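Scroll down for the structure; my scribbles are underneath it.
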Amino acid sequence: GDIIAWHIKDKFWDKKEADKVMGNVKGCKKGKVSRVEKTQFKQLPPNPFDLTSLQVEAYRVFRIQPKDTLSIAQDLYTSGYISYPRTSSNQLPSKIGYSKILSLLANQGRYKELCSRLLKGKSLEPTNGNKTDPAHPAIYPTGIAPKLDGRSARIYDLIVRRFMATFGEAALRETMKIYIDVNKEIFVAKGTRTIDKGWFVYYGDYVKLEEEELPKVKERDVVDIKKIT
C-alpha cells in the first residue's frame, strides 16, 4: 500500500540542511525498512457529562451552540428524560440505580443490544471524573422513552451513549512506526489502529479518532519511492 513518511527531523528551519537532505536522496528509487516499532496503549472510557463537557461535545459533534445545548437539555429535563443539566459534577453516584436505568433504556429498541451487553457484565462501575457538585450528579438519562426529533433527539442520543460509554471497557489501540532508510536519511511513517473497541462500541459515531493502518512490513523490506518532496 501507499504510505507517507516524514523525515525523522520533522521540521527544518535551516534551508541548507533541508537542501543537503534532498541532495542525499536525489534520484533514489528504493528505500529499506530499518526498523519497525509497535506500541499498544489503552484509551480509557470518558467521564460522565457535566454541563460544560456536554456543551463542548455537542458543538464538536453537531455544531450546536452552547446556549442552544443548554436550552435543549433543560427541555429534556423538564420532560423527565434526563437528570438536571446545570451541574458541574462529572460523577455518577450508585444511588441513581445504574442497572435500573440501563434496563429501561433497553426497552428503547436501538439501545437494547448495548444495554443488555452492559447488564451481563460482572459489575457496573462508571469511569467517574474528579469534579463534584453537592447539589446534582453528572447528567444521565432517566430511561423514560422520549418522543423526539431534530436537535433534541441528537442531544438525547449523545447523553445516552455517553452514559453507556462510561461503563465500557478501555479500548486497546496500537501505534506503528516504520523507519525507512533512503541513502542514510531516515524517514518515518506513523499509523494508529484500534485492536479492541471497548467503550467505542457504546459511543458509536461520536468517537472521532484517526485510524490509519500501515501495511505489514518487516525489517529489511524494500520500499519503492514514488516521490520525495
Side-chain angles (χ1 to χ4, degrees), residues 43-119 121 123-171 197-209:
Q43 192 143 353
L44 295 175
N47 298 143
F49 279 138
D50 58 13
L51 176 58
T52 302
S53 58
L54 171 62
Q55 290 170 314
V56 168
E57 194 74 339
Y59 185 77
R60 179 186 73 83
V61 176
F62 306 125
R63 287 294 182 263
I64 298 176
Q65 293 295 331
K67 63 180 177 60
D68 295 330
T69 295
L70 174 57
S71 176
I72 293 166
Q74 189 68 35
D75 288 343
L76 292 173
Y77 166 67
T78 55
S79 299
Y81 303 141
I82 67 169
S83 63
Y84 188 68
R86 294 173 185 265
T87 176
S88 57
S89 172
N90 58 4
Q91 298 183 3
L92 293 170
S94 58
K95 66 182 180 183
I96 67 173
Y98 310 142
S99 297
K100 181 184 175 184
I101 293 170
L102 288 168
S103 297
L104 288 169
L105 289 172
N107 293 328
Q108 300 179 41
R110 57 180 169 165
Y111 305 128
K112 183 177 181 179
E113 185 183 336
L114 295 174
C115 288
S116 297
R117 189 185 302 189
L118 286 172
L119 288 166
S123 62
L124 288 171
E125 288 292 335
T127 304
N128 281 329
N130 55 14
K131 294 191 292 182
T132 59
D133 183 326
H136 305 284
I139 301 168
Y140 62 89
T142 61
I144 296 172
K147 291 181 179 179
L148 301 167
D149 56 23
R151 296 196 303 178
S152 296
R154 292 199 286 272
I155 293 291
Y156 177 76
D157 186 59
L158 181 62
I159 290 169
V160 171
R161 290 187 178 277
R162 182 62 160 245
F163 176 75
M164 292 190 294
T166 65
F167 296 103
E169 298 286 335
K197 288 185 176 182
W199 63 270
F200 296 174
V201 172
Y202 303 101
Y203 212 38
D205 292 338
Y206 304 136
V207 176
K208 298 294 181 188
L209 293 167

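Excluded from the calculations below are hydrogen atoms, water molecules and symmetry mates; all remaining heavy atoms, backbone and side chain alike, are included. For clarity, every value in this text was computed on a predicted model and none was experimentally measured.
Side-chain atoms of R117 and Y202, non-hydrogen and from C-beta on, do get closer than 4.5 Å to each other. Residues I139 and Y77 form no side-chain contact, since every pair of their non-hydrogen atoms from C-beta on lies 4.5 Å or further apart. By the 4.5 Å heavy-atom criterion applied to side chains, L148 and D157 are not counted as neighbours. Side-chain contact check for D205 versus R161: every heavy-atom pair is 4.5 Å or farther apart. Contact check for L54 versus L158: side-chain heavy atoms found under the 4.5 Å cut-off. With contacts defined as side-chain heavy-atom distances shorter than 4.5 Å, the pair I96/P93 qualifies.
The aromatic rings of Y203 and W199 are tilted relative to each other, their planes meeting at an angle between 30° and 60°. Taking the six-membered ring where tryptophan is involved, the planes of Y140 and F163 are tilted, since the angle between them lies from 30° to 60°.
Across Y156 and I144, no two heavy atoms sit closer than the pair OH-O, 3.7 Å. Contact between Y206 and R60 at its shortest, heavy atoms only, is O-NH2, 2.7 Å. Heavy atoms only, all atoms of each residue included: A73 and P85 are closest at CB-CB, 3.8 Å.
Side-chain N/O atoms of Y59 and D68 include no donor and acceptor closer than 3.5 Å.
The environment of CZ in F62 is crowded: more than 12 heavy-atom neighbours from other residues, nucleotides or ligands sit within 6.0 Å. Atom CD of Q43 is surrounded by more than 12 heavy atoms from other residues, nucleotides or ligands within 6.0 Å.
Within the structure, side chain to side chain donor-acceptor pair (under 3.5 Å) pairs that include any residue of residues 91-102 do not occur (at least two apart or interchain). Pairs passing the side chain to side chain donor-acceptor pair (under 3.5 Å) check and including a residue from residues 45-55, sequence neighbours excluded, read D50-S53, D50-K131.
T87 places a side-chain N or O within 3.5 Å of a backbone atom of P137 that can act as its donor or acceptor partner. When atom types are taken as modelled, the side chain of T127 and the backbone of T166 share a donor-acceptor pair closer than 3.5 angstrom. Not one N or O on the side chain of R86 forms a donor-acceptor pair closer than 3.5 Å with the backbone of Q74.
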Evaluation steps, side-chain contact (heavy atoms from CB on, under 4.5 Å), between H136 and S89: CA-CA 7 Å; H136 305 284; S89 172; over 6 Å; no

Candidate pair N128 and L92, rule side-chain contact (heavy atoms from CB on, under 4.5 Å), full reasoning: CA-CA 7 Å; N128 281 329; L92 293 170; 3.9 Å; yes

